[in-house]
Amino acid sequence: MKSFILLPTGIADVPVAALDGCTPLEAAHTPNLDRLAAKARVGLVRQVPEGMRISSDAAVLSVLGYDPRTTDATRGGIEAAGMGVELAPDDLAFRMNFVSTFRGHLVDFNAGHIGGVEARLLIEALQAELGGDGRVSFHPGLGYRNLLVIHGGRKLRIETVPPQEVQGHALDDYLPYGPDAGKLLELLERATAVLAAHDVNRVRVDLGENPADRIWPWGAGWRTELEPFSLRTDRSLCIVGAVPLVRGLGHMMGAETPLVPGATGYYDTDWTGKLQRALAAVEEHDVVLLHLAAANEACHETDVRLKVRVIEEIDRFVVGPLLAALERRMDVRLYLTTDHMTSTVQREGSTTHVPFALWGPDVKSMRTAGRFTENAAAAGDLHVEDGHTMLEYVLGKALPRQVAPVTTAGAAGAVPTAGSAGRASRVGRAPAPAPAATPAARRPAAGRKRTRSGDEQAP
């Protein structure tokens, strides 16, 4: 039996006033997702362990059966692997965004979703002007997602903040800091001068587009290794995705990570091309993961209508054809889930539970879920606390040990339904109630979220 994992990130959300109190999943027209839910085992799963920093890398690790709490993988190291950059043991790598600023504030964390050709030209200019001495190097990735490497910087003590958390705030409150941040801050200012003088940005300004007028390094990390997926599971893996993060994890796991023309990691991606490549991989591999990042991008842009549209496109161009293809085979289990709950309105994430649907050979629908939504999943019979344990079930093995039933109040965006309390089975610890949503507020520098570099470990 084979397994197909469909991972559209960012689709789980909380109720939104602009959608009449519905979540984007509830507001979207999703006949194929709902058809899947009607015959699948539907429930909730926590992909990012409670207490961990909310991140896509932790969630993808969990989906593929790796416990993020015990896996030694760093964001910068993963991104480097995804871009094909070989790090030396003492190198320090940062994910590096191109961003747009105005009057001392970060106004666009992806510089108007700058295209790959333009981004590569800017990277080449930065490397020519600032990378000649061998102490730092700049590497192109996918559009605004790039890489900065400080060679020999593994021990540097620098803290950074992801740019999507800074959007709308003053730069000075969120710049890299720490005992060794001085040289990096100098590099940022020199890079700003290079970008300001480049023709790419002059043309973007003339066209009314946001210029990539600043680089923003974050997510520091170094070279690490993961146990190969095939050794852990005795199964081969293929990951179809566009973003360097996912491709990097696949590379580190020993998976095939094919490039798909037209795959952008954005909502202009080639849905059909990615799906066709993933279905072709089913013929050659035991496990295939198809990663779709577009809904998450809509979250970062705080555009709920766009998120609804993206969900509907995923339903039409991916879920529908995928179901039809797998129904003809009947030898593949389909596991559909997402990474973590993300509030589109507040651009905030949560480690709370997210929906999943599992369908295929020997999987019984325990309750009929009318739709694939947060609330419908919360009414399902299975709540899994440790997301990495789900892979065993997906691969056709027994469920992990089940414990006492719990209510559904802790679900992402879930509202307890009549008669639902106390009926769901759960794996792992009891889920904590989801915190009430609060309006986003500017954080003072002392309270900002941070990612660490060097040998310093997060608490």
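As a basis for the values below, the full set of heavy atoms in this structure was taken, side chains included, without hydrogen atoms, waters or symmetry mates.
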Have [X] and [Y] got a donor and an acceptor in their side chains that come within less than 3.5 Å?
X	Y	answer
His353	Glu374	no
Asp57	Ser55	yes
Thr23	Asp13	no
Thr337	Gln47	yes

Would [X] and [Y] pass as an ion pair if we require N to O under 4.0 Å?
X	Y	value
Arg316	Glu312	no
Glu50	Arg69	no
Glu283	Arg329	yes
Arg214	Glu189	yes
Arg223	Glu79	no

Output the distance between atom [atom1] ([X]) and atom [atom2] ([Y]), rounded to the nearest 0.5 Å.
X	Y	atom1	atom2	answer
Asn210	Asp108	CG	CG	4.5 Å
Leu306	Tyr267	CG	OH	5.0 Å
Asp90	His151	CG	NE2	9.5 Å
Leu106	Thr101	CG	OG1	7.0 Å
Trp271	Leu290	CH2	CG	9.5 Å
Leu249	Ile239	CG	CD1	6.5 Å

Within the 4.5 Å heavy-atom criterion, are [X] and [Y] side-chain neighbours or not?
X	Y	value
His340	Ser56	yes
His285	Leu237	no
His388	Val63	no
Leu87	Val149	yes
Ile5	Val288	no
Arg232	Glu227	yes
His139	Asn146	no

Would the distance check show the side chain of [X] and the main-chain N or O of [Y] forming a donor-acceptor pair, the cut-off being under 3.5 Å?
X	Y	result
Asn201	Pro211	no
Asp270	Gly262	no
Asp91	Ala88	yes

Among Trp216, Tyr144, Trp218, the one residue meeting side-chain hydrogen bond (donor to acceptor under 3.5 Å, both in side chains) with Asn97: Trp218
Do other residues, nucleotides or ligands put more than 12 heavy atoms under 6.0 Å from [X] [atom1]?
X	atom1	value
Asp268	CG	yes
Arg120	CZ	no
Asp206	CG	yes
His251	NE2	no

For a quick test of reading the model, state the closest non-hydrogen atom pair linking [X] to [Y] and the distance between them.
X	Y	result
Val354	Ala12	CG1-CB, 4.0 Å
Arg145	Pro244	CD-CD, 4.0 Å
Val308	Ala27	CG2-CB, 4.3 Å

Stepwise side chain to side chain donor-acceptor pair (under 3.5 Å) check, Arg46 with Thr352: CA-CA 6 Å; Arg46 189 195 298 272; Thr352 192; 4.9 Å; no
